[in-house]
Student: 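Attaching a single structure in structure tokens format; questions to follow.
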2 protein chains.
Amino acid sequence: MDDHLHTTPAERRRLQVREAIVSAAEEVFSQEGEEGLSIRRLADSINYSPAAIYKYFGSKEELLDELKESFFGRLVEHIHATGDGEDGYIDRARACFATYIRTAIDKPHHYAAAFAGHALPNALAPGVPEFAETKKGEAFLFLSGMLQEGVDLGHFPQSMDATLAAKSAWAAMHGLSMMLAHMPTFPAFGPDDDTMTPDEFIDFYCDLIIRGLEVDHDRP
Amino acid sequence: MDDHLHTTPAERRRLQVREAIVSAAEEVFSQEGEEGLSIRRLADSINYSPAAIYKYFGSKEELLDELKESFFGRLVEHIHATGDGEDGYIDRARACFATYIRTAIDKPHHYAAAFAGHALPNALAPGVPEFAETKKGEAFLFLSGMLQEGVDLGHFPQSMDATLAAKSAWAAMHGLSMMLAHMPTFPAFGPDDDTMTPDEFIDFYCDLIIRGLEVDHDRP
DNA sequence: TTAATCAAGTAAACGGTGTTTACTTTTTGA
DNA sequence: TCAAAAAGTAAACACCGTTTACTTGATTAA
């Protein structure tokens, strides 16, 4: 229950302050995004000086990275939990897709920031972790494995490359997630506003992706 | 050729300075994105004081909005031009999809910024233009019309809602655009790096979306 | 042509940001 | 108990977007 045996009081205190920082950052970031999260304001909210933050995090970006990565960790957990349902394969796959999107738009700032980071430049810098070591990489591996399972079960054509399909499916899910996160009115413009709820649209969309995968690429 | 007849020298001078601002902003923004674009630096690069910028633009955001909207205008033009090809309908549709993505990733900062703007809050503020009046709205209308044409030509099921399909297709294109814009290594990780060039992947992906639309939603 | 008016442009300041440096206080371990 | 290490901070640095008060230059009316 408590780790008094292997940690000193100082270490425990340090972890406590660190957690206070992360927790306060999490709260303001999830509501106001990166704009609202300033080191000064953050320090003030937990009754420390701004400089104190830098005893725990090398930079604001480092702190933000922790928020993003931990969010993506929860996202992966949600998907894994969804995958444990006992429906048919296609229903399970669609449910996983939908869970990804729903979790993403539940914390729009987290999700968008998780992808907005390293825009163009060197993706393989010395400090940057390998893709496979990140939660994003974990998500991709799960997705790729799930699609391979679909091939093995005969739901997708034997010729389908699961990795390629995973990239496609991921891009597609990412697209709707970003759309719904950034443009609240997206699924409801035009004259026919309420023909579909966002949830219904997500299901429809996931089905669309899966249908696209079911058809063989080399078609008549 | 010249508009000396309907404009005064002062107006022409003003437009010239304004253009210098936009042009300088365009250059640095397309290479470094919003981070690299500061009013002070911009003013310095065109030999004006920072305050001078505010005689032409109410705020930095207003200037950025102009860059984004004009970029999206070029994007729409490219798509229209692509649509004038004389192949079969499906090939034309796929070409339009691909053009959208290729144009988007050609100016990744512009494209990302065009969607990153109004994150969560009031999308229908007094200053914000109606969706249909924006270049984005124009793009959506074109897409929607093209898909309706596909229904009429019998390429898509009669039951397909073109608006719904347009939303889906747009989200999907948006997804791959963002992926390729922000994660250069995206289409080439894993052990099999160079199995496909980005261009080939884009074509494959667009085909996937179209295939998804071709299948009826109420399936066996 | 002269005087008055309006637009263009600017220096300096305001309030904010992330971050670093030099310093003080507190805690720890021998 | 006492030196060393860690925790914490005030103040500064170098930026940022933006506003205010002001000067300079061009335009227009008398």
Side-chain angles (χ1 to χ4, degrees), chain A residues 3-26 28-29 32-68 109 113 116-119 127, chain B residues 4-26 28-29 31-68 109 113 116-119 127:
Chain A
D3 357 65
H4 285 232
L5 291 174
H6 295 292
T7 63
T8 72
E11 285 170 334
R12 264 174 281 142
R13 248 184 297 121
R14 185 161 224 279
L15 237 67
Q16 211 168 306
V17 174
R18 202 193 135 96
E19 177 52 31
I21 296 174
V22 171
S23 165
E26 171 70 32
V28 49
F29 182 77
E32 309 184 34
E34 187 163 353
E35 306 164 26
L37 182 62
S38 93
I39 298 290
R40 288 175 149 88
R41 182 179 161 187
L42 181 59
D44 195 68
S45 83
I46 57 171
N47 300 118
Y48 277 86
S49 80
I53 310 283
Y54 289 86
K55 300 284 176 178
Y56 295 85
F57 296 92
S59 66
K60 181 183 179 179
E61 191 178 348
E62 211 171 280
L63 169 56
L64 278 172
D65 282 346
E66 184 153 323
L67 295 187
K68 297 178 207 168
H109 290 122
H118 34 69
Chain B
H4 286 232
L5 292 173
H6 294 292
T7 62
T8 72
E11 284 170 335
R12 263 174 280 141
R13 249 186 293 122
R14 185 161 223 279
L15 235 68
Q16 213 168 305
V17 174
R18 201 193 136 97
E19 177 52 31
I21 297 174
V22 170
S23 166
E26 171 70 31
V28 48
F29 182 77
Q31 279 167 2
E32 309 183 34
E34 187 163 354
E35 305 164 27
L37 181 62
S38 91
I39 298 290
R40 288 175 146 90
R41 183 179 161 187
L42 180 60
D44 196 66
S45 84
I46 57 170
N47 299 118
Y48 278 85
S49 79
I53 310 283
Y54 289 87
K55 300 285 176 178
Y56 295 86
F57 296 92
S59 66
K60 180 183 180 179
E61 192 178 348
E62 211 172 279
L63 169 56
L64 278 173
D65 281 346
E66 184 153 322
L67 295 188
K68 297 178 206 169
H109 290 121
H118 34 68

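Throughout, a chain's letter reflects where its sequence line sits, starting with A, and its residues are numbered from 1.
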Student: Near A/E11 CD, under 6.0 Å, is it more than 12 heavy atoms from other residues, nucleotides or ligands?
Tutor: yes

Student: Which residues pass the side-chain contact (heavy atoms from CB on, under 4.5 Å) test with B/L15, not counting sequence neighbours?
Tutor: none

Student: Taking it one step at a time, do B/V22 and B/F57 satisfy side chain to side chain contact (heavy atoms under 4.5 Å, CB included)?
Tutor: CA-CA 10 Å; B/V22 170; B/F57 296 92; 3.7 Å; yes

Student: Measure the CD1-CD1 distance between A/I46 and A/I21 for me, rounded to the nearest 0.5 Å.
Tutor: 4.5 Å

Student: Name all residues meeting the side-chain contact (heavy atoms from CB on, under 4.5 Å) criterion together with B/E26; count only those two or more places apart in sequence or in a different chain, and write none if there are none.
Tutor: B/S30, B/L67, B/R74, B/K107, B/H110

Student: Looking at NZ of A/K60 and CD of A/E34, how far apart are the two atoms once the value is rounded to the nearest 0.5 Å?
Tutor: 5.0 Å

Student: Under a 4.5 Å cut-off applied to non-hydrogen side-chain atoms, are A/D65 and A/K68 in contact?
Tutor: yes

Student: If you take any heavy atom closer than 4.0 Å to DNA chain C, which residues from residues 18-25 of chain B end up in contact?
Tutor: none

Student: Restricting to non-hydrogen atoms, name the atom on B/L42 and the atom on B/A24 that form the minimum distance, rounded to 0.1 Å.
Tutor: CD1-CB, 3.6 Å

Student: Contact between B/F29 and B/L64 at the side-chain level, heavy atoms closer than 4.5 Å - yes or no?
Tutor: yes

Student: For B/R13, enumerate each residue passing the side chain to side chain donor-acceptor pair (under 3.5 Å) test, keeping only those at least two apart in sequence or located in another chain.
Tutor: none

Student: Sequence neighbours excluded, which residues qualify as side-chain contact (heavy atoms from CB on, under 4.5 Å) partners of B/R41?
Tutor: B/V28, B/E32, B/S38

Student: On DNA chain C, reading 5' to 3', which nucleotide is the first and which the last to sit with an atom under 4.0 Å from a heavy atom of chain B, could you check?
Tutor: C/dA8 to C/dA13

Student: Quick one: list whatever passes side-chain contact (heavy atoms from CB on, under 4.5 Å) with B/Y54, sequence neighbours left out.
Tutor: B/I39

Student: Under the salt bridge (charged side-chain N to carboxylate O under 4.0 Å, His left out) rule, collect the residues that match up with B/E66, sequence neighbours excluded.
Tutor: B/R18

Student: What is the distance, rounded to the nearest whole Å, between atom CZ of A/R40 and atom C1' of D/dC13?
Tutor: 11 Å

Student: Between B/E35 (CD) and D/dC16 (C1'), how many Å, whole number?
Tutor: 13 Å

Student: How long is the line joining CG of B/L37 and P of D/dC15, in whole Å?
Tutor: 16 Å

Student: Return the value, rounded to whole Å, for the distance between atom CZ of A/R14 and atom C1' of D/dA7.
Tutor: 8 Å

Student: Name every residue in residues 58-66 of chain A that has at least one heavy atom under 4.0 Å from any atom of DNA chain D, in order of residue number, or write none if there are no such residues.
Tutor: none

Student: Does any residue of residues 45-57 of chain B have a heavy atom under 4.0 Å from DNA chain D, and if so, which ones, in number order?
Tutor: B/A51, B/Y54

Student: Take atom CD of A/Q16 and atom P of D/dA7, then tell me their distance rounded to the nearest Å.
Tutor: 14 Å

